[in-house]
There are 2 protein chains.
Amino acid sequence: MPRGLHLLASSRRDRCRLLPQSNKRVVPGATVGRLPAYLQALTELSEAGSRRVASDELASVTGVRSAQLRKDLSYLGTYGVRGVGYDVSQLIDEITAELGLTQDWPVIIVGMGNMGRALAAYGGFGQRGFRIVALADDDPSIVGDVVQGLPVCRLADSLAANERLAIGVITTPADQAQQIADRLVEHGVQSILNFAAIALRVPDNVDVRRVDLSTELQILAFHAQRRDMAKGREGVG
Amino acid sequence: MPRGLHLLASSRRDRCRLLPQSNKRVVPGATVGRLPAYLQALTELSEAGSRRVASDELASVTGVRSAQLRKDLSYLGTYGVRGVGYDVSQLIDEITAELGLTQDWPVIIVGMGNMGRALAAYGGFGQRGFRIVALADDDPSIVGDVVQGLPVCRLADSLAANERLAIGVITTPADQAQQIADRLVEHGVQSILNFAAIALRVPDNVDVRRVDLSTELQILAFHAQRRDMAKGREGVG
DNA sequence: TAGACCTTGTGAAGAAAAGCACAAAGTCGA
DNA sequence: TCGACTTTGTGCTTTTCTTCACAAGGTCTA
Ligand SMILES: NC(=O)c1ccc[n+]([C@@H]2O[C@H](COP(=O)([O-])OP(=O)(O)OC[C@H]3O[C@@H](n4cnc5c(N)ncnc54)[C@H](O)[C@@H]3O)[C@@H](O)[C@H]2O)c1
Ligand SMILES: NC(=O)c1ccc[n+]([C@@H]2O[C@H](COP(=O)([O-])OP(=O)(O)OC[C@H]3O[C@@H](n4cnc5c(N)ncnc54)[C@H](O)[C@@H]3O)[C@@H](O)[C@H]2O)c1
C-alpha cells in the first residue's frame, strides 16, 4: 500500500477534483478551508433573523474579501441573486451539503487525558453530523470511566464494538500516535485528526489533519519578534 | 486605530518582509509555517544522536519535498554543506533564532474550563521560551483554584499583576472572546491564540491565530464525502 | 414598462507557492 | 592530487491562490 506522509495541518496540495462525469466544479482546497467559517457566520445570521446577506457583509464578518467570498461560493454553483445577495438558509443548506455535513460521521477519540476529555466535553462536536461514539484509552485506571455518558474502553474493544468509524481523533502521547493510527486505518478509518506532535505515516487514501498548539505559538512568536525588531529599529534609526 | 479581521487560522497573506536595512531575506509565510515542523524533527534527530542530516532525510521525516525543504532553509541563509548535508545542531540554533524562540514569551490563558485546563497541563508549552504566567477566569467558583501551580485570577487582576504579556490564549465561550481580546490588546498583548469559534476584530498590529476543531472536522468530512462519492461511482460505473 | 440602481459572477491579471532539474561546491578514497 | 560521487542552492517553470474591475442580470420605484 502506498504511504504518504502527513505532517502539516493545512496541506496546500489538497485540491479537490470531483469526478469528470460529475458536472460539479472543482473546489480548491483553499476554498474548502474557508467554507466552515462561512457556514458558521451564516448560522449566526440566520439565528439573528437575517434572511438575505450580501457578499460584502458576509465577507466582512468572516474576514475575507468580498470578491474572494463570491468566487468561493461560485464553486458551489450560482445561488446568489444579483442586486440582492444570497438567501441565508439556502446558502447554509448548500455549504452543509458540500461539506458532507448532512451525513453521519461517527467519531472515536483515542487517549482520554486532559485533551481527550476536553474534546469529549466540547459540545460543538455534536452538531453538524459529528457524533462521538467511542472513547478509548490504554491506562487500566482510566478504562471503565464514564466520560460524558460514554464508557472509556481499550482501543481493541472500542474497535470491536464499532464497525463503522469515520473519524479518529488521536490525543495520546506522540510516541503512541503512529501505532494507534495504524490500528485505526486497519479498521477502516480514513480520516484522522491528530493532536500529537508527530508526522503520521498513513496510506494515500487516508486523510490526516494535525492540530498543533506548539506550531501555532511558534508562528505567533515569529511575527512578534519581527514586530519587535521593526520597533527597535524604528526607535534607533 | 485601523482594525483588521482575523478569522482563519492560517492567513495566506502573512508574508514576512524584514526591514530593508536588514540583509536578511524575506521569509514567506508558508515557510514560516513549516519551520516548527523542521525544528521538531531536528530536535528528535539530535536526541537520537544524529549530527548531520541530508535534505532528503529531513524532508521525508517532515513530509515535504526535499527541494522545498532546501528552499525553505535557504531563506534563513546558507547553512548546508554540499555533498554532506546540514549540521543538525546548527540548524536547530538557526531555526530557533529565526522563530524568536530564544526570547521569553509570557503567556496568559483566559478561560479555565476544559480546554484552558488541558492547555495549562500541557507540558509542551513550557519548552521553547513559552512560559505560562497567568491563568484567568470570571467564574467565582473557579477563581482562586490553583492549576498547575498557578492561581486562577480574574482577568483584571491577572493583567494588573503582569505588566508584560506577550501572548494571550483565549479559551472562553465564543460570546466572551471579543471583549477579552479587546482587554488583552488594550493591555499591550499583540499575539492572540483563539480557540473560540469566532472571528476576532483586532487592530492591524495584533496577530491572531485561530485553532478550530470544528473547522478541521468539517474539512475532513468534505474529503471523506468526496472519497465516498468516488467509490460509489466506481462501484456503479 | 422603463430606467435607476444594486450586487453578483467571472475573465484576466497579479502574487505566492511548489516543483523541477542541474550547475556548483563540497567530500572522500586511492 | 585527482576524479568519482554526493548533496546543496537556486533559476526557471508550473500550479495554485488572490485580487481587480466590470459586464451581466436582477430588483425596485414611479
Ligand atoms: N493538552 C494539551 O493542551 C495539548 C496541547 C497540544 C498538544 N497536545 C498533545 O495531545 C496529546 C495528549 O495530551 P494530553 O495533555 O491530553 O496528555 P495526557 O497524558 O493527559 O493524556 C494522554 C492519554 O493517552 C492515554 N494513552 C497513552 N497511550 C495510549 C495508547 N497506546 N492507547 C490508548 N490510550 C493511550 C494515556 O493513558 C492518557 O490518558 C499529546 O500528544 C500532547 O502532546 C496536548
Ligand atoms: N473543549 C474543546 O475541546 C474545545 C474544542 C474546540 C473549541 N473549543 C472552544 O474553546 C472555548 C472553551 O471551551 P471549553 O470546553 O473549555 O469551555 P468551558 O465552558 O469548559 O470553559 C470556559 C471557561 O471560560 C470561563 N469564562 C467565561 N466567561 C469568561 C470571561 N468573560 N472571562 C474569563 N473567563 C470566562 C468560564 O468560567 C469557563 O471556565 C469555547 O469557545 C469552545 O467553543 C473548545
Side-chain angles (χ1 to χ4, degrees), chain A residues 4-5 7-17 24-35 37-38 42 50-88 90-91 94 219, chain B residues 4-5 7-17 25-35 37-38 50-88 90-91 94 219:
Chain A
L5 193 55
L7 172 70
L8 301 169
S10 41
S11 162
R12 265 72 176 184
R13 269 168 288 130
D14 56 356
R15 154 116 345 164
C16 301
R17 196 171 298 280
K24 291 195 112 179
R25 285 179 236 197
V26 168
V27 180
T31 294
V32 173
R34 285 184 292 266
L35 291 180
Y38 301 154
L42 286 164
S50 304
R51 301 207 153 276
R52 311 196 289 204
V53 66
S55 64
D56 268 353
E57 188 186 350
L58 186 53
S60 152
V61 173
T62 51
V64 301
R65 310 272 165 159
S66 66
Q68 179 160 77
L69 171 62
R70 289 197 301 275
K71 181 148 282 190
D72 283 343
L73 295 183
S74 78
Y75 294 118
L76 312 191
T78 296
Y79 296 99
V81 178
R82 297 177 188 213
V84 174
Y86 300 87
D87 181 285
V88 172
Q90 186 183 5
L91 206 44
E94 187 52 33
I219 295 172
Chain B
L5 193 54
L7 171 70
L8 301 169
S10 40
S11 162
R12 265 72 178 185
R13 268 168 290 131
D14 57 355
R15 155 130 324 182
C16 301
R17 197 171 296 280
R25 285 181 237 194
V26 168
V27 180
T31 294
V32 173
R34 285 185 292 266
L35 290 180
Y38 300 154
S50 304
R51 300 205 153 279
R52 310 196 290 206
V53 66
S55 63
D56 268 353
E57 188 186 351
L58 186 53
S60 153
V61 173
T62 51
V64 301
R65 310 272 165 160
S66 65
Q68 179 164 77
L69 172 61
R70 290 198 298 277
K71 183 153 283 188
D72 283 342
L73 295 182
S74 78
Y75 294 119
L76 311 189
T78 297
Y79 296 99
V81 179
R82 294 177 188 215
V84 175
Y86 299 88
D87 181 285
V88 172
Q90 185 182 4
L91 205 45
E94 187 52 33
I219 295 172

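Only heavy atoms go into these numbers, but all of them, side chains included; no hydrogens, no water, no symmetry mates. Lettering of chains follows the sequences in order, A, B, ..., and the numbering in each one begins at 1.
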Reported [atom1]-to-[atom2] distance for the pair [X] and [Y], which is rounded to 0.5 angstrom:
X      : Y       : atom1 : atom2 : result
R65(B) : K71(B)  : CZ    : NZ    : 14.5 Å
L35(A) : I219(B) : CG    : CD1   : 8.5 Å
L73(A) : Q68(A)  : CG    : CD    : 10.5 Å

Apply side-chain contact (heavy atoms from CB on, under 4.5 Å) to the pair V26(A) and Y75(A), showing each step before the final yes or no. CA-CA 7 Å; V26(A) 168; Y75(A) 294 118; over 6 Å; no
Grab the [atom1]-[atom2] distance between [X] and [N] for me, whole Å please.
X      : N       : atom1 : atom2 : result
L76(B) : dT8(D)  : CG    : P     : 15 Å
D56(A) : dC20(D) : CG    : C1'   : 14 Å
E94(A) : dT8(C)  : CD    : P     : 16 Å
R65(A) : dC17(D) : CZ    : P     : 18 Å
Q68(A) : dT16(D) : CD    : C1'   : 12 Å
L73(B) : dT7(D)  : CG    : P     : 16 Å
Y75(B) : dG9(D)  : OH    : C1'   : 12 Å
Q90(A) : dT8(C)  : CD    : P     : 14 Å

Report yes if at least one side-chain N or O of S55(B) is closer than 4.0 Å to OP1 or OP2 of dT8(D); otherwise report no.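 So the side-chain polar atoms of S55(B) do come within 4.0 Å of the phosphate oxygens OP1 or OP2 of dT8(D), strictly under.
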Check this one for me: any side-chain N or O of Y86(B) less than 4.0 Å away from OP1 or OP2 of dG9(D)?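 It does, given that an N or O in the side chain of Y86(B) lies less than 4.0 Å from OP1 or OP2 of dG9(D).
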Could you write out each protein N or O paired with an N or O of nucleotides 12-14 of chain C at a distance under 3.5 Å?
residue	atom	partner	partner atom	Å
dA12(C)	N6	K71(A)	NZ	3.1

Which pair of heavy atoms, one from [X] and one from [Y], lies closest together, and at what distance?
X      : Y      : result
L69(B) : A59(B) : CD2-N, 3.5 Å
S55(A) : R70(A) : OG-NH1, 3.0 Å
T31(B) : D72(B) : OG1-OD1, 2.6 Å

Considering only heavy atoms from C-beta outward, does the side chain of V64(B) approach that of Y38(B) to under 4.5 Å?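 Counting from C-beta outward, V64(B) and Y38(B) do come under 4.5 Å.
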Side chain to side chain, V61(A) and V53(A), heavy atoms closer than 4.5 Å: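 They are not in side-chain contact.
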Side-chain donor/acceptor of T62(A) to backbone N/O of L58(A), under 3.5 Å: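 Judged by distance alone, yes, a pair lies under 3.5 Å.
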Checking side-chain contact (heavy atoms from CB on, under 4.5 Å) for the pair R51(A)/D87(A): CA distance, chi angles, key distance, verdict? CA-CA 6 Å; R51(A) 301 207 153 276; D87(A) 181 285; 5.6 Å; no
Output one line per pair: protein atom, nucleotide atom from nucleotides 2-4 of chain D, and distance, for all N/O pairs under 3.5 Å.
none

Quiz question: by atom type and distance under 3.5 Å, do the side chains of Y79(B) and E94(B) form a donor-acceptor pair?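 A pair is found: one side chain offers a donor N or O, the other an acceptor, under 3.5 Å apart.
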Any base atoms under 4.0 Å from A67(B), or only sugar-phosphate, or nothing? Heavy atoms, all strands.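 Base: the residue A67(B), judged by heavy atoms under 4.0 Å, touches a nucleobase.
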Position toward the 5' end of DNA chain D (nearest nucleotide), D72(A) or V53(B):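 Checking each residue's closest nucleotide, the 5'-ward one belongs to V53(B).
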Do nucleotides 22-30 of chain D as a string where each nucleotide becomes B, S or -: B if the base has a protein heavy atom under 4.0 Å, S if just the sugar-phosphate does, - if no protein is that close. --BBSSS--
